[in-house]
Amino acid sequence: MRYTPFFTVGLLALACTFCIAELQAEELKAGDVAPDFDLPGSDGKTYKLSDFKGKQAVVIAWFPKAFTGGCTKECKSFREQGEAIRQFDVAYFTASVDSAEKNKKFAESLELDYPILSDPKKTTATAYGVVNETRMFPYRWTYYIGIDGKILHVDHEVDAANHGKDLVDQLNKLGVKKKG
């Protein structure tokens with residue numbers, strides 16, 4: 001049987017599609033155990049998800065890139081809603097694959113009152129599915145993690161400018177415990 005170039009290219013494309021699909025991790029969803037992380041924060045501290053297990057809920061809001069329009073709006077929105085967010089017994093972070101130095105400068109420029117986590121090696125970002133072989137910068141997705149270390153909710157439809165308010169609303173919907 002003689003193969004035409006188009007037939008051969010078509011078979012190759014089909015094979016690559018199956019290979020890529022096999023390499024990508026299954027998307028995390030509510031009820032899954034959240035992947036642990038050990039990441040530096042813009043405040044100079046290192047944060048581990050395991051340190052919060054059994055103590056407090058955690059929110060990690062991934063953003064694509066520091067010093068860009070949407071990410072600036074998102075981080076400012078968290079800062080503006082900080083008082084309302086801190087009424088909950090929750091540790092909350094934004095996170096990117098930018099270097100710790102860049103995120104420190106970004107946090108300082110916005111006068112943030114919470115830490116930005118840095119994952120320049122993309123290990124945690126890959127575990128959470130926000131980056132992959134074809135996507136260098138994280139999706140703007142937010143993970144709400146319960147006190148038991150399991151994912152309560154994943155927000156794939158983040159509105160950067162209103163994310164702080166939306167976060168407060170979601171914490172209420174999820175029944176995350178309030179302080180005091």
I'd like to know if the side chain of [X] and the backbone of [Y] have a donor-acceptor N/O pair within less than 3.5 Å.
X: S42; Y: I116; result: yes
X: Y114; Y: C75; result: yes
X: D119; Y: T124; result: yes

Quick one: [atom1] on [X] to [atom2] on [Y], what's the gap to the nearest 0.5 Å?
X: K179; Y: D89; atom1: NZ; atom2: CG; value: 6.5 Å
X: F88; Y: L171; atom1: CZ; atom2: CG; value: 5.0 Å
X: L49; Y: I145; atom1: CG; atom2: CD1; value: 5.0 Å

Q. Given the side-chain rings of F78 and H163, with only the six-membered ring counted for Trp, is the space between their centroids under 6.0 Å?
A.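 Yes, the ring centres sit under 6.0 Å apart.
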Q: For this output row, return yes or no: ring centroids of F37 and Y47 closer than 6.0 angstrom.
A: no
Mind checking whether [X] and [Y] sit in one hydrophobic cluster, side chains of I, L, V, M, F, W, Y counted as touching below 4.5 Å?
X: F93; Y: Y128; result: yes
X: I85; Y: L174; result: yes
X: L28; Y: F63; result: no

Quick one: does [X]'s side chain get under 4.5 Å of [Y]'s, heavy atoms only?
X: Q170; Y: K165; value: no
X: S50; Y: D38; value: no
X: W62; Y: E74; value: no
X: D166; Y: V158; value: no
X: S96; Y: C71; value: no
X: V59; Y: T142; value: yes

Under 4.0 Å between a Lys/Arg side-chain N and an Asp/Glu carboxylate O for [X] and [Y]?
X: E108; Y: K104; result: yes
X: D113; Y: R86; result: yes
X: K29; Y: D32; result: yes

Considering all heavy atoms, the nearest [X]-[Y] contact:
X: K48; Y: D36; result: C-OD1, 4.1 Å
X: F52; Y: A91; result: CE2-CB, 3.4 Å
X: I147; Y: Q56; result: CG1-N, 3.5 Å
X: Y139; Y: G129; result: CD1-O, 4.0 Å
X: G41; Y: P115; result: CA-CB, 4.4 Å
X: K65; Y: T68; result: O-OG1, 2.6 Å

Q: State whether the number of non-hydrogen atoms from other residues, nucleotides or ligands found under 6.0 Å of K73 atom NZ is greater than 12.
A: no
Q.
More than 12 heavy atoms of other residues, nucleotides or ligands under 6.0 Å from NZ of K45: yes or no?
A.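 It does not: K45 NZ has 12 such atoms or fewer within range.
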Q. Stepwise, does the side chain to side chain contact (heavy atoms under 4.5 Å, CB included) test hold for V90 with Y144?
A. CA-CA 10 Å; V90 66; Y144 296 79; over 6 Å; no
**Q.** Criterion side chain to side chain contact (heavy atoms under 4.5 Å, CB included) on S109 and F67, from CA distance to verdict
**A.** CA-CA 9 Å; S109 75; F67 293 103; 3.7 Å; yes
Q | CA sep, side-chain torsions, deciding dist, call: D98, S118, side chain to side chain donor-acceptor pair (under 3.5 Å) | A | CA-CA 6 Å; D98 294 303; S118 296; over 6 Å; no
Q) Does the pair N162 and D159 meet the rule for a side chain to side chain donor-acceptor pair (under 3.5 Å), with working shown? A) CA-CA 6 Å; N162 295 306; D159 174 0; 2.7 Å; yes
